[in-house]
Enquirer: 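One structure, pasted below without further comment.
Just follow the structure's listing: the first ligand is 1, and inside any ligand the first atom is 1. What you see is a predicted model, and the numbers here were worked out from it, not measured in a lab.
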Amino acid sequence: MAGTGLFAEILDGEHVYKYYADGEWKKSTSGKSVAIINPTTRKTQYKVQACSQQEVNKVMDLAKTAQKLWAKTPLWKRAELLHKAAAILKEHKAPIAECLVKEIAKPAKDSVTEVVRSGDLVSYTAEEGVRILGEGKFLVSDSFPGNERTKYCLTSKIPLGVVLAIPPFNYPVNLAVSKIAPALIAGNSIVLKPPTQGAVSALHMVHCFHLAGFPKGLINCVTGKGSEIGDFLTMHPGVNCISFTGGDTGIAISKKAGMIPLQMELGGKDACIVLEDADLDLVAANIIKGGFSYSGQRCTAVKVVLVMESVADSLVKKVKAKVAKLTVGPPEDDCDITPVVSESSANYIEGLVKDAKEKGATFCQEYKREGNLIWPLLLDNVRPDMRIAWEEPFGPVLPVLRINSVEEGIHHCNASNFGLQGCVFTKDINKAMLISDAMETGTVQINSAPARGPDHFPFQGIKDSGIGSQGITNSINMMTKVKTTVINLPTPSYTMG
Ligand code: G3P
């Protein structure tokens, strides 16, 4: 159970979880806490420490000192510790998954999957890290005009320093380790600021790293109010890199952060373009999986269907039939559709639904909401003047726009301020390739719904969807800088063979 057994030391008394710094679980001197509301019961489930700015300063100092020693730790040893943490994480998947269910209403099975996927991600990162960080480049000067072979250039990848990791509520464990593991294998230290909803899951995950035996101060996790420590963290002079996943707060962070590398993933309005020759059963299954899994609260969810008019009736009928089969209820019962993360999120979704109603969208189901629980809703005949055609509901509401040409679909996709992923369904691979090239998104899936994984695939958004590329290899590279050493010879030297 969460907060018991091995995890008892992360809890202060009965209710408030501690924060993690200097290899120890601590109570904040602020004496204050932040409540985490269970999206299903809408009552306080857990509390976490409201860390102060002074505590953030202390953590930054610790992380800086610990990083210097960690950078001198052999690569194989860093990998060994990561493998150990991955094993502990997977072994304790049950209590961590329990927190995910209570804090973010993720269905029970998906919660377990998130933890197991996270363990696999950490192990893969350890393996990939020893390979890609174990090699550098060797250049000779005489390949550039006018030079003799008098200079040998050795390049290697070195750590950046302190990485600030800010994951979102929808994957507080997986999108935390996708930042932590690459940072650590590359020789960086970590300051983690988990989302408030999801903080307790993240603290349990951090304890698995603690149990693995990483050096003191290398991994730190501060919790608290964004208004108190959010900007303070992102603008802190001790931070050498920020890896952020979330909403448009990321745009504000990128404007305020100093001259440091940024990795950002800020959401999407992923379009699903359906051509006349598509396998409509395959499309319908992918729309359900892509649009409604975790109640649509995924950056990579299908967020708008752009279907050719000639097959639209048939597709909508198939999707409607599948929507009717989705189970709706609490995450503990492993329902397909569970409460969205907060009341404000539910209110926002409702605003989009009302706007679509007023402007004449066809409701394939009746709109129904109880508390934060919103029943799955397919909106047909959505037009570009409706907000839902452009905005991310981050909930189980999916708009269908009927199009008369492929160009119209591509135009709608590209007119969005987002550019994360998109998908196209057709049996004609040549057409699919042309459409993929024309879509201004970081990834295009052909004949499948958008998705980030497998976690070693590159993952990136363009426009307001983000900066840089993620995926295990890209994240390791992003969290390093190139260092070169040039050996200058007094006379040209050539290998003679
Ligand atoms: O930030 C990415 C996340 O929201 C979606 O990840 O694995 O569900 O495609 P995934």
Side-chain angles (χ1 to χ4, degrees), residues 97 100 103-107 109-122 124-125 165-182 194-195 197-198 201-202 242-251 253 262-272 286-303 331 336-338 340-341 345 392-396 398 418-423 441-446 448-472 474-475 478:
L100 290 168
E103 284 187 292
I104 61 163
K106 186 168 274 196
K109 264 193 211 149
D110 295 347
S111 295
V112 173
T113 305
E114 175 171 346
V115 184
V116 174
R117 172 182 179 182
S118 301
D120 292 339
L121 188 156
V122 174
Y124 191 103
T125 306
I166 310 181
F169 82 83
N170 61 348
Y171 283 97
V173 175
N174 183 265
L175 283 170
V177 299
S178 74
K179 303 171 191 316
I180 294 171
Q197 301 289 139
S201 315
I242 302 175
S243 179
F244 174 92
T245 308
D248 51 17
T249 313
I251 298 177
I253 293 175
L262 301 177
Q263 185 182 49
M264 301 242 158
E265 196 266 278
L266 314 178
K269 183 74 183 170
D270 293 7
C272 170
N286 274 279
I287 286 176
I288 293 294
K289 185 171 133 238
F292 295 102
S293 55
Y294 188 36
S295 307
Q297 297 175 108
R298 296 165 54 239
C299 301
T300 50
V302 169
K303 296 212 180 89
D336 299 314
I337 304 296
T338 54
V340 296
V341 71
S345 176
E392 262 197 300
F394 234 67
L398 184 60
F418 289 116
L420 189 60
Q421 292 209 358
C423 60
T441 61
T443 302
V444 174
Q445 304 269 351
I446 296 173
S448 188
R452 175 168 50 110
D455 289 332
H456 65 307
F457 280 13
F459 178 54
Q460 55 281 314
I462 55 174
K463 297 190 273 186
D464 286 354
S465 285
I467 304 173
S469 181
Q470 300 175 61
I472 291 171
N474 287 345
S475 290
M478 183 268 167

Enquirer: For ligand 1, would you mind listing the residues that have at least one heavy atom less than 4.0 Å away, ordered by chain and number?
Expert: Arg117, Asn170, Tyr171, Leu175, Thr245, Glu265, Arg298, Cys299, Thr300, Ala451, Arg452, Phe459
Enquirer: With Lys106 as the cation and Phe169 as the aromatic partner, state whether NZ or CZ is under 6.0 Å from the six-membered ring centre and within 45° of the axis.
Expert: no
Enquirer: For the pair Glu392 (side chain) and Lys269 (backbone), establish whether a donor and an acceptor sit closer than 3.5 Å, ignoring hydrogens and angles.
Expert: no
Enquirer: With Ser178, which residues qualify under side-chain contact (heavy atoms from CB on, under 4.5 Å), at least two apart?
Expert: Leu121, Leu175
Enquirer: Determine whether a donor-acceptor pair (N or O, by modelled atom type, separation under 3.5 Å) exists between the side chain of Gln445 and the backbone of Pro450.
Expert: no
Enquirer: Check whether any side-chain N or O of Thr338 sits under 3.5 Å from a backbone N or O of Ala105 as a donor-acceptor pair, and report yes or no.
Expert: yes
Enquirer: Hey, is the main chain of Pro458 close enough, under 3.5 Å, to the side chain of Asn474 for a donor-acceptor pair?
Expert: no
